[in-house]
There are 2 protein chains.
Amino acid sequence: MPSGPGAKLTDVAALARVSVGTVSNVLNRPDQVSFDKRTRVLAAIEELGFVRNESARSLRSGSTRSLGMLVLDVRNPFFTDVALGAENVAEEHKHSLILANSAENAGREQAYLDLFEQQRVQGVLITPFGQVLQRLGRMRERGIPSVLVDRLASTDQFCSVSVDDVAGGATAVEHLVSVGSVRPAFVGGPFTLQQVEDRYRGAADAAARAGVPLQLFETPDLKFERGRQIGDLMGNLQPDKRPDAVFAANDQLALGLLQSFAANGLRVPEDIAIVGFDDIDFASQSSIPLSSISQPRQLIGERAAQLLFDEIDAETGHEHSQVVFTPELVARQSTLRR
Amino acid sequence: MPSGPGAKLTDVAALARVSVGTVSNVLNRPDQVSFDKRTRVLAAIEELGFVRNESARSLRSGSTRSLGMLVLDVRNPFFTDVALGAENVAEEHKHSLILANSAENAGREQAYLDLFEQQRVQGVLITPFGQVLQRLGRMRERGIPSVLVDRLASTDQFCSVSVDDVAGGATAVEHLVSVGSVRPAFVGGPFTLQQVEDRYRGAADAAARAGVPLQLFETPDLKFERGRQIGDLMGNLQPDKRPDAVFAANDQLALGLLQSFAANGLRVPEDIAIVGFDDIDFASQSSIPLSSISQPRQLIGERAAQLLFDEIDAETGHEHSQVVFTPELVARQSTLRR
DNA sequence: CATTTGTCTTGAATCGATTCATTCAAGAAC
DNA sequence: GTTCTTGAATGAATCGATTCAAGACAAATG
């Protein structure tokens, strides 16, 4: 029965009657070792239950096999999907992904970046919350590059993968108009969030082009509860003053609206149509399936990780690039009369 | 402008004109260092942008500051909440949590356990998927203890934190009966999942006690789509043969039922009441808020992490314990006529 | 003044795997 | 028979922070 702290590489070497170098080769370059020594070493590893010490490995070799990923909210399905995509790519490169949650808290964000630096991760995928671009720049100089996720890099100092929120906002309102809306509304906020700002701008532009007004209901955040509040507020409006369609800045808000309308006896989409943004799983799983603007979530994570590895592997002359996906409308019952 | 691979501890020592031991003390036992040397060292650290190399630290000290957590599905909000609870406790202990996703795949599960061993994590929180108990036992002998999460340890070899699914199932059916159901049904499967088995058993017992039959609709998995299928199937039954209430083995199924019923013109709860299990956020955010059996998700993660640290810190004589939470009913509109 | 006590400092040894210059063996070429 | 070439194997040096026995120094004690 094995016990105690595990065997080390020298023990394996001793048992297999080879040098430590050979054991290391079996681990890292097995094809450079003759068949019989290789089998002897593998047998010894098996017998001793040897597990290589990653700390020692990366200390000596100077490189870890891990990426750090810092998201705004692990509880948000959008980010877990993005993380999944990134993880798949990391796995292909035999790296592991350390997922951390800044929880929209600048202190935690800094703390996790500290951690990533200490762990000497090979690179960082991040949806920044606080003012971290400078710091990320310094980290790059020290050999830890990063890619911005779900954010367009405003400088050409970084790679980034994002979604064209302006186009998404326009698509949403165009769709509402095309299904007959003449009094559409936008629900969302705060406008300090770039994405809210962009989605609204796209929506406003599209409304202007279509020659319809766009009512604005600003919210302090993007949570479900706000959607319900705004919904209740709309329910109390005169039917002829009430919007006949709503574009919600994200699906959480849209679900809140939907619940409120159901409770207040407003029919969706007959009395009021709704389109959300993100197309989270629950959008399609709502009682009245929710139309939404869909982002290629896993793909975002995959591309981001690919760009990161590109920069990591580039000996020199890596060109930063900005990948911008165009989100797509998924029309469902909340905007389509059956 | 700093650049290149960062400064190391000896550089700091040289710049601050102290020994490496003193720098190490500033980092780890700052109160044992005199004021002026401490400030000199801190200034040097600042100036050089020194970041301690975690690999070297843990190689020498023999201990990492991290836990591994292996869940069945990061996309499931249940697990992210549990992880959040665990992370909070880990943070209190100045440890970081490495979150990994076995995705209900035995191969990935093993691979991540390999990784955790190589990284020499201090302990593992795991919701096992494959046959890993033996391996976990071996890992404990080598100094890496583990706690089972959302699983009752069948032996006293492990600590575990779980939920009393039998009680939960009973509560669900008792509630349905109390709101007037005389033809309740259970939807869920496969019964190879312990939790499905337990929830059904509790439900069946409660039904028997109440003197009502319990119809069974078995599903091959617990996904939304299955719920919708079963819902469509129920919708086609004669009204007098159709269940008047459903207990779904989880919320995803319940949401599927809800959508199907809405599409087929069945009123919830008037024609058919629904209660789910897990009380995920989206249960309360559905158009018709879903009654559900609620598990203290974050608390599960917290307790699990606490038990793990207890075992890690125990020099000797740690007593394994099984924590079992009793889940609670959260009654909402899907079972309560307004 | 000598001695003891306690507080800071010091720096060589150490953790365990990888690296790489060097050695070795065996077959090929001359 | 000698020299080259090639592929395998070797093992001492190394990565960077921590440890801890030993030393330095100042203050307190007798």
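What you see below is based on every heavy atom in this structure, not just the backbone, and it leaves out hydrogens, waters and symmetry mates. Every chain is numbered from 1, with letters handed out A, B, ... down the list of sequences.
The existence of a salt bridge linking A:Arg135 and A:Asp114 is confirmed by a sub-4.0 Å separation between a basic side-chain nitrogen and an acidic carboxylate oxygen.
For the OP1/OP2 pair of C:dT9 and a distance below 4.0 Å, the side-chain nitrogens and oxygens of B:Ser19 include no atom meeting the criterion.
Between A:Lys37 atom NZ and D:dG7 atom P there is a gap of 17 Å when expressed in whole angstrom units. Between the CZ atom of B:Arg40 and the P atom of C:dC8 there is a distance of 15 Å, rounded to whole Å.
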Legend entry - Protein-to-nucleotide contact annotation, 5' to 3' order, nucleotides 14-24 of chain D [B base; S sugar-phosphate only; - none; under 4.0 Å, heavy atom]: BBBBBB-----
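Side chain to side chain, A:Ser19 and A:Thr22 meet the donor-acceptor criterion of an N or O pair below 3.5 Å. Under the 3.5 Å distance criterion, with hydrogens and angles disregarded, no donor-acceptor pair is assigned to the side chains of A:Ser66 and A:Ser96. For the 3.5 Å distance criterion, the side chains of A:Arg52 and A:Asn28 qualify, holding a donor opposite an acceptor.
Both cation-pi conditions hold for A:Arg140 and A:Phe158: the charged atom is under 6.0 angstrom from the six-membered ring centre and inside a 45 degree cone around its axis.
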